[in-house]
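See structure below.
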Amino acid sequence: MESRYKQYNYIENLAQYEGKEIVLNGWVADKTEKGKLIFIQLRDGTGTNQCVVFKGNVSESVFENAKKLTQESSVRIVGQVRKDDRAQSGYEIDVNDLSIYQLSQNYPITPKEHGDAFLMAHRHLWLRSSRQHAIMRVRASVIKAIKDFFDGNGFKQVDSPMLTPSACEGTSTLFETKYFDLGSAYLSQSGQLYAEASALALGKVYTFGPAFRAELSKTRKHLTEFWMVEPEMAFFDLQDDMDLAEDMVEYIVQYVLKNNLRELNTLERDITKLEKIRRPFYRLSYDEAVDWLQKNDIPLIRKVDNQEVEIRPFPWGEDFGAPQEEALMEQFDKPCIIHRYPASVKAFYMKRDPNNPEVVLAMDMLATEKGGEIIGGSQREDDENLLLERIRHENLPEDDYQWYLDLRRYGSVPHSGFGLGIERTVKWITGAAHIREVIPFPRMINKIYP
RNA sequence: UCCUGAGUAGCUCAGCUGGUUAGAGCAUCUGACUGUUAAUCAGAGGGUCCGGGGUUCAAGUCCCUGCUCAGGAGCCA
């Protein structure tokens with residue numbers, strides 16, 4: 001395609017330019033001087049490659065400029081692409097000309113080790129380093145894979161509002177803000193309820209957007225602002241819902257494997273583990289999972305007066321925490337879907353199992369390698385009276401849910417959906433140590449800068 | 001919110017049972033080098049020991065308190 005914009009050469013396409021003179025714009029990731037030779041690691045956004053300035057090849061002023069370069073100075077380089085077995089990429093650039101956009105002074109992030117707190121305070125600069133660069137590229141791929149998957153399967157993207165009049169699920173804490181003369185509005189913690197309305201209008205839909213949760217969670221898998229994709233399908237039952245979730249996750253992982261091998265290498269990710277992520281995944285009912293926990297002597301851990309107490313055998317009716325999920329997943333090399341949880345631990349909008357009113361038609365997908373819960377979903381309650389009963393039982397503001405109840409009054413149908421956390425998925429696929437590394441600017445309980 | 005741990009140079013850390021002038025590596029600056037990619041060699045500069053209070057002849061070190069950060073729990077995606 002003919003571009004109206006300036007045509008630049010990029011490091012990711014270096015092999016195409018072998019033997020040719022090209023122009024690169026970028027930043028100095030690192031520099032080593034060796035007398036009449038200066039080695040520049042040039043970073044241009046698409047990758048990093050070594051450029052060699054030899055005193056005999058350039059004018060005196062260009063050589064002096066090259067000597068002046070500091071880490072993260074921005075430069076324009078004109079040079080010849082040469083094949084070289086000594087180079088990591090297989091190519092080097094012999095510099096013919098070099099000009100400086102800006103000389104950087106005392107760049108805080110050096111090529112040596114840094115602590116988490118320091119790096120987080122410099123997140124706006126940390127994004128430039130190779131690991132973070134690779135993670136952001138994988139994140140972009142995960143998002144593209146999700147959109148491709150749904151768009152290619154007859155879904156329409158609909159956007160749900162960020163400002164909402166009340167809680168979607170009453171459980172989590174909400175961020176509150178003033179809303180003109182109408183009192184308070186809340187930042188959305190899920191687009192699901194609006195996705196349900198959209199599904200009854202368009203059939204198969206998905207929302208893609210941020211979710212906000214003011215929970216006091218301080219772990220390596222929690223953010224107060226995170227991104228979520230939430231498909232919602234009219235006429236899908238729980239079985240269809242689980243099948244779809246499985247197809248989607250397989251598609252995402254295989255897409256990244258196909259398109260981001262270079263990044264996964266930079267991240268030193270064990271690719272063989274990802275290659276195994278092929279359907280069918282494992283599935284266990286909550287009952288079966290509890291049986292397994294009991295047989296393997298995995299207790300429930302509960303806090304009583306600040307003392308941790310182990311309760312065994314694991315009692316039916318309790319939700320699983322991180323210790324139970326991790327124990328359960330150790331046996332699996334593919335994700336596992338756990339379905340039909342006790343109604344008491346799940347949200348009000350989930351449909352009761354007609355075969356057992358103690359449980360709801362819910363499902364969670366747990367990722368391998370301690371990836372944790374990446375998906376939560378369910379078939380929705382489609383009976384007006386049962387739904388109203390649950391709303392009252394949870395003490396939710398009934399008036400705020402009239403529009404939601406309308407969906408059960410005017411052509412109610414079986415329908416299902418789920419939410420996939422983008423950051424948890426990217427964390428799992430990249431093997432990142434902490435969720436704060438997989439979103440450009442993380443928002444956490446005690447962090448909102450930069 | 002609860003539990004546990006940490007805070008010393010720009011960064012990562014050492015600093016003993018309290019002892020007189022607080023150290024190292026990296027980074028920065030100056031110089032040397034045509035193959036460096038954690039370069040090497042020679043030299044230089046750089047400190048509110050997190051804040052406040054206390055004990056003591058003497059506190060980076062011990063005690064109290066506040067703040068900040070990290071890890072975990074619960075909740076969740």
Side-chain angles (χ1 to χ4, degrees), chain A residues 29-42 48-57 67-68 70-71 84-89 92 94 104-122 130 168-173 189-192 210-230 245 300-309 318-323 325 345-347 364-367 371-377 418-428 433-436 438-439 444-447:
Chain A
D30 200 8
K31 186 190 83 170
T32 312
E33 281 186 59
K34 189 126 191 2
K36 292 174 184 164
L37 274 177
I38 299 171
F39 299 101
I40 298 165
Q41 304 302 325
L42 188 76
T48 302
N49 207 83
Q50 176 154 284
C51 301
V52 186
V53 186
F54 175 50
K55 197 169 186 179
N57 285 353
K67 270 177 91 165
K68 274 195 286 189
T70 52
Q71 193 188 356
D84 194 317
D85 293 338
R86 292 169 295 187
Q88 267 176 15
S89 68
E92 276 190 353
D94 286 323
S104 163
Q105 295 298 325
N106 295 317
Y107 185 71
I109 301 177
T110 64
K112 283 286 181 166
E113 58 198 331
H114 296 286
D116 295 328
F118 179 80
L119 290 170
M120 280 306 300
H122 296 85
S130 59
C168 163
E169 308 175 32
T171 52
S172 316
T173 339
Q189 50 186 334
S190 163
Q192 182 203 310
F212 306 90
R213 299 198 183 166
E215 296 159 356
L216 296 173
S217 303
K218 229 187 88 177
T219 79
R220 62 179 79 184
K221 39 186 195 183
H222 282 90
L223 295 163
T224 56
E225 178 184 298
F226 66 97
W227 288 69
M228 193 156 58
V229 62
E230 293 176 285
L300 173 72
I301 299 162
R302 189 182 269 159
K303 266 192 184 161
V304 182
D305 298 331
N306 273 329
Q307 292 281 309
E308 284 195 352
V309 181
E318 292 290 333
D319 205 355
F320 303 141
E325 288 180 356
V345 302
K346 288 290 178 185
D364 285 352
M365 187 189 290
L366 307 179
E373 185 180 335
I374 54 170
I375 283 179
F418 61 82
L420 170 98
I422 303 301
E423 287 76 19
R424 288 206 182 158
T425 304
V426 177
K427 176 178 182 287
W428 170 50
H434 199 296
I435 199 162
R436 66 186 159 216
V438 305
I439 184 168
M444 293 180 298
I445 167 170
N446 51 12
K447 181 151 290 294

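Below, chains carry the letters A, B, ... as their sequence lines are ordered, and counting in each starts from 1.
Between the side-chain ring of Phe226(A) and the base of A77(B), a stacking contact exists by the 5.5 Å and 30° definition.
Looking at heavy-atom distances under 4.0 Å, His122(A) makes no contact with the nucleic acid at all. Among the heavy atoms of the strands lying under 4.0 Å from Glu33(A) is at least one base atom, whether or not backbone atoms are also near. Residue Ala322(A) is classed as a sugar-phosphate contact, given heavy-atom separations below 4.0 Å to backbone atoms only. Ile375(A) comes within contact range of the sugar-phosphate backbone alone, with a heavy-atom separation under 4.0 Å but no base atom that close. No contact: Asp364(A) has no heavy atom under 4.0 Å from any strand. Residue Glu230(A) is out of contact with every strand shown, counting any heavy-atom pair closer than 4.0 Å. Residue contacts for Lys55(A): at a heavy-atom cut-off of 4.0 Å it reaches no nucleic acid atom on any strand shown. Using a 4.0 Å heavy-atom distance criterion, Leu216(A) is classed as a base contact.
For Phe118(A), the ring-ring contact (aromatic ring centres under 6.0 Å, His included) test picks out His114(A), His122(A), with sequence neighbours left out. Scored by the side chain to side chain contact (heavy atoms under 4.5 Å, CB included) test, Gln41(A) finds Ala29(A), Asp30(A), Thr48(A), Gln50(A) as partners (sequence neighbours excluded). Residues meeting the side chain to side chain donor-acceptor pair (under 3.5 Å) test with Glu225(A), sequence neighbours left out: none. Lys221(A) meets the side chain to side chain contact (heavy atoms under 4.5 Å, CB included) test with Thr219(A), Ala322(A), Arg424(A); sequence neighbours excluded. Not a single side chain to side chain contact (heavy atoms under 4.5 Å, CB included) links Asn106(A) to another residue, sequence neighbours left out.
If you take CZ of Arg213(A) and C1' of G74(B), they are 15 Å apart, rounded to a whole angstrom.
Between Arg220(A) and G72(B), a side-chain N or O to OP1/OP2 separation shorter than 4.0 Å is present.
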Give me, pair by pair, the N or O atoms of the protein and of nucleotides 4-14 of chain B that are less than 3.5 Å apart, along with how far apart they are.
residue : atom : partner   : partner atom : Å
C11(B)  : O2'  : Glu113(A) : O            : 2.8
C11(B)  : O2'  : His114(A) : ND1          : 2.8
U12(B)  : OP1  : Gly115(A) : N            : 2.8
U12(B)  : O2'  : Glu113(A) : OE2          : 3.4

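A donor-acceptor pair shorter than 3.5 Å can be found between the side chains of Ser190(A) and Glu230(A).
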